[in-house]
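Read through the structure below, which is laid out as structure tokens, and then see the notes.
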Amino acid sequence: GAVVSQHPSRVICKSGTSVKIECRSLDFQATTMFWYRQFPKQSLMLMATSNEGSKATYEQGVEKDKFLINHASLTLSTLTVTSAHPEDSSFYICSARDLARGLQETQYFGPGTRLLVL
Amino acid sequence: KQEVTQIPAALSVPEGENLVLNCSFTDSAIYNLQWFRQDPGKGLTSLLLIQSSQREQTSGRLNASLDKSSGRSTLYIAASQPGDSATYLCAVSNQAGTALIFGKGTTLSVSS
């Protein structure tokens with residue numbers, strides 16, 4: 001089956017630093033990847049849609065200058081949390097659509113990245 | 001704006017019991033609906049995907065139904081086991097290829 005990996009799985013950083021999270025589709029190509037955020041006991045909330053070779057589309061309330069998304073290839077999207085603050089501590093999960101399956105498909109989720117900002 | 005609600009928020013049952021988890025959505029014009037399992041601190045495991053034209057899907061002890069017109073879906077778990085303990089998330093997609101909209105989940109605890 002389709003596999004999506006995320007790296008790192010867990011990161012602790014100091015307030016004010018930047019953190020980069022990678023999302024990779026290991027055995028398929030993904031034109032579109034989605035970035036979600038999940039706070040404790042809350043649902044997954046879409047942050048942005050990442051399209052290969054173009055600018056990401058951000059959801060309302062998500063600062064595009066704070067959460068930088070780069071989708072440079074069909075198998076890799078990165079989310080950089082710039083100048084992280086404690087309120088950015090959360091569980092970040094990406095998902096990817098399999099290009100070969102077109103629109104008739106499910107999304108494949110990564111295992112998530114736990115970010116803790118001290 | 002599509003909203004997904006899951007009831008109950010938490011559920012505790014003894015091993016062997018059959019149970020039903022509920023999901024409702026406000027906009028019935030969905031493309032598909034999915035049920036996921038999430039273990040503590042982990043990512044998502046897809047359980048069942050129901051296209052908007054389908055009424056139900058089955059996988060092992062799991063059965064998911066969809067009533068699009070009323071905006072409801074149920075996940076039926078037969079003969080529950082302690083290993084079924086997890087949070088179950090319901091999510092809908094409004095259009096093909098778009099992101100999922102999630103409910104807050106139902107946290108299930110099955111005691112042995």
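Since we're looking at a predicted model, the values are computed, not measured. Residue numbering restarts at 1 for every chain, and letters A, B, ... go by the order of the sequence lines.
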**OP:** Verify the neighbour count for atom CZ of Arg114(A): are there more than 12 heavy atoms of other residues, nucleotides or ligands below 6.0 Å?
**Re:** yes
Original post:
Is the closest side-chain heavy-atom distance between Met45(A) and Tyr36(A) below 4.5 Å?
Top reply: no
**OP:** Sort Gln6(A) into side chain, backbone, both or neither according to what part of it lies under 4.5 angstrom from a heavy atom of chain B.
**Re:** neither
Subject >> Side chains of Asn63(B) and Glu56(B), donor plus acceptor under 3.5 Å >> reply: yes
Original post:
Would Leu21(B) and Leu66(B) show up in the same hydrophobic cluster when neighbours are defined by side-chain heavy atoms closer than 4.5 Å?
Top reply: yes
**OP:** Let me know if Ile93(A) has heavy atoms under 4.5 Å from chain B in its side chain, its backbone, both or neither.
**Re:** side chain
**OP:** Write out, in numerical order, the residues from residues 103-112 of chain B with a heavy atom short of 4.5 Å from a heavy atom in chain A.
**Re:** Gly103(B), Lys104(B)
**OP:** Only pairs at least two apart or in different chains count here, so list each ring-ring contact (aromatic ring centres under 6.0 Å, His included) that has a residue in residues 36-63 of chain B.
**Re:** Phe109(A)-Phe36(B), Phe36(B)-Phe102(B)
Subject >> Atom CZ of Arg61(B): over 12 foreign heavy atoms under 6.0 Å >> reply: yes
**OP:** Please look at Gln38(B) and chain A and tell me whether the side chain, the backbone, both or neither of the residue comes under 4.5 angstrom of a heavy atom of that chain.
**Re:** side chain
Original post:
For Leu100(B), is it the side chain, the backbone, both, or neither that has a heavy atom closer than 4.5 Å to a heavy atom of chain A?
Top reply: both
Original post:
Would Lys64(A) and Lys66(A) count as a side-chain contact (heavy atoms from CB on, under 4.5 Å) if you check the C-alpha gap in whole Å, the side-chain angles of each, and the deciding distance to 0.1 Å?
Top reply: CA-CA 5 Å; Lys64(A) 62 179 182 180; Lys66(A) 180 172 182 63; over 6 Å; no
Original post:
Got Cys94(A) and Met33(A) here, is their nearest side-chain heavy-atom distance under 4.5 Å?
Top reply: no
